[in-house]
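What follows is one structure encoded as structure tokens, with my remarks underneath.
Indexing begins at 1, ligand by ligand and atom by atom, following the structure's order.
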Amino acid sequence: MNLDNIFKNNEKWIKEKLATDSHFFDDLGKGQNPELLYIGCSDSRVTAEELMGAGPGEVFVHRNIANMVISIDLNVMSVINYAVENLKVNHVVVCGHYACGGVKAAMQSADLGILNPWLRNIRDVYRIHRNELNAITDEEKKYDRLVELNVQEQCVNLIKTAAVQKAYRDRELKVHGWVFDVHTGKLIDLKIDFEGILKNIMEIYHLD
Ligand code: CO
């Protein structure tokens with residue numbers, strides 16, 4: 001990739017935006033009011049806005065390796081807090097993807113240094129769902145299923161936060177789990193049973 005092209009592309013993009021809306025950047029400069037917080041993987045193939053057809057100002061985005069929501073990660077927790085309590089988004093999405101390198105690494109026995117504690121959270125997902133996963137004999141299918149279960153467990157981790165619990169009570173904020181299929185480009189809604197999970201875990205995780 002020629003980095004000079006990036007700046008040429010940027011000039012071209014500005015012209016295109018202004019051609020359809022001469023006030024585009026004036027409006028953008030006034031502030032943001034996104035409806036959606038998107039938490040996805042850093043993988044270069046899984047863009048956030050492009051695959052959703054969303055433009056600047058529409059989605060608040062956080063990306064990390066394997067789209068994790070880890071309670072002691074100050075980065076993701078700050079993003080969630082700011083998006084839910086200040087920007088007042090009404091939807092929070094965790095979007096995983098098939099062929100995720102982070103999930104694959106967590107299925108293998110290898111010392112990956114600083115990634116060990118990060119990926120251990122995915123090994124925990126495997127342990128929680130061990131019976132279901134071990135019953136799948138096809139390795140690819142098992143891998144795909146772990147990607148889906150990881151999204152589900154990160155949605156559960158979202159529901160454990162005080163910010164999400166309060167916003168659900170105050171304005172019915174919703175949590176969604178999606179998977180992007182890099183082989184077809186399709187975005188799949190896992191139809192996470194948000195309210196069922198909420199009821200199920202509140203006995204233990206109720207904060208607000
Ligand atoms: Co990934």
Side-chain angles (χ1 to χ4, degrees), residues 1 6 34 36-54 58-84 89 91-130 132-134 136 138-161 164 174-192 194 197:
M1 183 186 243
I6 289 176
L36 182 76
L37 165 60
Y38 169 100
I39 299 169
C41 184
S42 297
D43 191 302
S44 60
R45 297 167 296 177
V46 191
T47 63
E49 292 89 342
E50 191 176 335
L51 66 88
M52 291 187 273
E58 290 186 282
V59 188
F60 202 66
V61 173
H62 179 80
R63 291 168 70 180
N64 63 33
I65 291 176
N67 40 270
M68 303 301 286
V69 177
I70 295 172
S71 67
I72 56 163
D73 175 29
L74 195 56
N75 192 345
V76 70
M77 285 299 144
S78 302
V79 168
I80 292 164
N81 228 69
Y82 183 69
V84 172
V89 296
H91 300 275
V92 183
V93 170
V94 175
C95 184
H97 68 101
Y98 296 133
C100 182
V103 173
K104 181 139 226 171
M107 287 176 75
Q108 288 157 356
S109 165
D111 181 354
L112 295 168
I114 189 66
L115 276 173
N116 289 339
W118 191 259
L119 298 176
R120 188 176 304 141
N121 294 283
I122 309 175
R123 292 185 195 274
D124 291 339
V125 173
Y126 196 112
R127 178 171 48 79
I128 293 165
H129 298 279
R130 181 170 21 191
E132 179 185 344
L133 288 164
N134 284 346
I136 303 171
D138 182 301
E139 277 300 305
E140 278 302 306
K141 288 203 175 86
K142 187 188 282 193
Y143 178 16
D144 288 351
R145 186 61 185 143
L146 181 56
V147 165
E148 295 168 0
L149 290 169
N150 184 47
V151 167
Q152 184 182 305
E153 289 302 325
Q154 302 321 310
C155 289
V156 172
N157 287 341
L158 272 167
I159 298 166
K160 291 173 189 167
T161 67
V164 167
K174 298 258 182 327
V175 172
H176 311 267
W178 299 348
V179 171
F180 178 69
D181 186 346
V182 291
H183 307 290
T184 62
K186 201 168 170 52
L187 192 57
I188 302 152
D189 184 353
L190 293 177
K191 301 196 192 308
I192 299 287
F194 170 54
I197 292 171

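N150 and E153 share no donor-acceptor pair across their side chains, judged by distance under 3.5 Å alone.
Panel note: side chain R63, backbone D43; a donor-acceptor pair is recorded below 3.5 Å. Judged purely by atom type and a 3.5 angstrom limit, N121 uses its side chain to pair as donor or acceptor with the backbone of P117. The backbone N or O of E148 lies less than 3.5 Å from no partner atom in the side chain of Y98, so there is not a single donor-acceptor pair.
The distance cut-off of 2.8 Å around the Co ion (ligand 1) captures these protein N, O or S atoms, sorted by chain and number: C41 SG, H97 NE2, C100 SG.
Residues L133 and R145 meet the side-chain proximity criterion, which asks for heavy atoms closer than 4.5 Å.
We find that D144 and K141 are not joined by a salt bridge, their nearest charged nitrogen and carboxylate oxygen being 4.0 Å or further apart.
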